[in-house]
Amino acid sequence: METGTFRVKAGLAEMLKGGVIMDVVTAEQAKIAEDAGAAAVMALERVPADIRAAGGVARMADPTKIADIQGSVTIPVMAKARIGHFVEAQVLEALEVDYIDESEVLTPADEAHHIDKWAFKVPFVCGATNLGEALRRIAEGAAMIRSKGEAGTGNVVEAVRHIRLITGEIRRLGSLSPMELPTAAKELQAPPELVRDVAESGRLPVVLFCAGGIATPADAALMMQLGAEGNFVGSGIFKSSDPARRARAIVEATTHYDDPERVAAASRELGEAMPGIEIGTLQADGGLLQNRGW
Amino acid sequence: MSPPVVGVLAIQGDFEAHARALRDVGGEPRIVRTPEDLDGLDGLVIPGGESSTMTLGIEREGLAEPLRELARSGRPVLGTCAGLIMLDREHLGLLDVTARRNAFGRQLHSFETDLDLDGLGPLRAVFIRAPWVEEAGGDVEVLADVDGHPVAVRQGNILAVAFHPELTDNRTLHQWLLAHAGVAS
């Protein structure tokens, strides 16, 4: 019996496909998410919108909170570690979380290195804004990728930019001759073997989800039509006026993303969405989370 | 002769991996999200995924009774992991077994191993937060077990396994499905 193989790690992401992974900060929220059809939950100290508002250093959640959430649901429980903070990751593995998100939403602990994810039996998901970044994370052992978007904004524009960049670069690789691939790898700052693999298969070697700014069923369906294989929704659910209902609606729209009538039906009478933030105002304060990660 | 059309339940989960596997063995997969998608199928796959998400989706779409009708018509059904759970007594009630969810534990305990299935042969089995069969009725044939817990069972036209053949290159179970497709009307 072999545990922690890459197939087993990447395989759990396969099982999450077509589903929604929801940020939660309490056991009660986790239960609401599960009852609404979430495929997994992300256990956090604060949702990204509150991390932005609070400022300061954002860290891994308290183990007691993670254990409470694990005790309240039967779906997979993920948790975030700071970029490069391999001891937070060791702690999360000891807690037996099902997936670790090495996340730019928390304050980075290392300005040059990401965690060596091959050293763990628990799988990792990492954020990426472009194909090169995604492939660097996969080379470090990530078993799942999520486009970063801009967490905590309720504004889908950055998520769209990142998924378009990733899928567009994948298509471009497919159009290159074998002779051109080494140069493409150099430009992408990604390992040549992975670049060759993507050029041949026309897809990432792991599952690709989308994150960062999804607030409505239409947002969720948009990301699926643009090539995401599932959605992470952070502040968008529990910062809205009726989280249970919105959560169900986003789950339904993620399943029926290519059926506008179903997305329309899911979008009715959901109450207020989370208040959004214009990206330009964040750029002015240097507050973009997506620039974290190397 | 046109290839057998096999539905893959696509509420959530690794339905695309099953669709690829079905194409590999000469089947024509069809994504199933609503009862109308079940019309004219020769067989069905219920894939891996999150069983609670799938349970809610089947209820939301009104799929339970149409799925039962399809299985009772004698057409072959393959369930993997969450698919096994969906088929058990507490869900669709098509298999006379009680499945225990996440029986092997959290993801840290997910594993792969070699199994030999009675009548179907050896294969590499990938278990991901997998269930096992806790209790099975007399008509259920156990094809393989792990540490004494049944992980592959068959009852008539229904084959259910706790692992993921679709994540490997072995196509034995998808071949079984196709071999039995078109047998019933």
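On a predicted model such as this, the values are computed, not experimentally measured, just so you know.
Side chain to side chain, A:Arg203 and A:Ser201 fail the donor-acceptor criterion of an N or O pair below 3.5 Å. Between the side chains of B:Asn170 and B:Thr168, no donor N or O sits under 3.5 Å from an acceptor N or O. No hydrogens or angles considered: nothing links the side chains of A:Ser72 and A:Lys31 as a donor-acceptor pair under 3.5 Å. A donor-acceptor contact closer than 3.5 angstrom links the side chains of B:Thr80 and B:His18.
Closest approach of B:Val77 and B:Ala71 over heavy atoms only: CG2-CB, 4.0 Å. The two residues A:Ala39 and A:Gly19 make their nearest non-hydrogen contact at CB-CA, 4.1 Å. The shortest non-hydrogen separation linking A:Ala43 to A:Val77 is CB-CG1, 4.1 Å.
Between chain B and the residues A:Thr74, A:Leu16, A:Thr5, the largest count of heavy-atom pairs under 4.5 Å involves A:Thr74. Among the candidates B:Arg33, B:Glu166, B:Arg129, the residue making the largest number of heavy-atom pairs closer than 4.5 Å to chain A is B:Arg129. Taking A:Pro123, A:Gly4, A:Ala40 one by one and counting their heavy-atom pairs under 4.5 Å with chain B, the maximum is reached by A:Pro123. Listed options A:Gly37, A:Gly230, A:Pro76, A:Ala38 were ranked by heavy-atom pairs under 4.5 angstrom with chain B; first place goes to A:Pro76.
Partners of B:Arg89 according to the side-chain contact (heavy atoms from CB on, under 4.5 Å) rule, which considers only residues two or more places apart in sequence or in another chain, are B:Asp96, B:Thr98, B:Glu135. In this structure, A:Thr255 has no side-chain hydrogen bond (donor to acceptor under 3.5 Å, both in side chains) partners at least two apart in sequence or on a different chain.
Proximity to chain B is absent for every atom of A:Ala10, based on heavy atoms less than 4.5 angstrom apart. In this structure, chain B has heavy atoms under 4.5 Å from both the backbone and the side chain of A:Gln70. Only the backbone of A:Asp35 comes within contact range of chain B, with heavy atoms under 4.5 Å apart. Interface remark: B:Ala82 contributes no atoms to any contact with chain A (heavy atom separation under 4.5 Å). Proximity to chain B is limited to the backbone of A:Ala36, based on heavy atoms less than 4.5 angstrom apart.
Going from atom CG of A:Leu204 over to atom CD1 of A:Ile138 covers 5.0 Å, rounded to the nearest 0.5 Å. Summarising the geometry, atom CG belonging to A:Asp101 is positioned 4.0 Å from atom NZ belonging to A:Lys80; distances are rounded to the nearest 0.5 Å.
By the 4.0 Å N-to-carboxylate-O rule, B:Glu16 lies close enough to A:Lys17 to be salt-bridged with it.
Residues of residues 102-128 of chain B that come closer than 4.5 Å to chain A, counting heavy atoms only, are B:Asn102, B:Arg106, B:Gln107, B:Leu108, B:His109, B:Ser110, B:Phe111, B:Glu112, B:Thr113, B:Arg124, B:Val126, B:Ile128, ordered by residue number. At a heavy-atom separation below 4.5 angstrom, chain A is approached by B:Gly48, B:Gly49, B:Glu50, B:Ser52, B:Thr53, B:Leu56, B:Arg60, B:Glu61 within residues 48-70 of chain B.
Within the 4.5 Å cutoff, no side-chain heavy atoms of A:Met42 are placed close to those of A:Met22. Residues A:Val97 and A:Ile66 are in side-chain contact: their nearest non-hydrogen atoms beyond the backbone lie under 4.5 Å apart.
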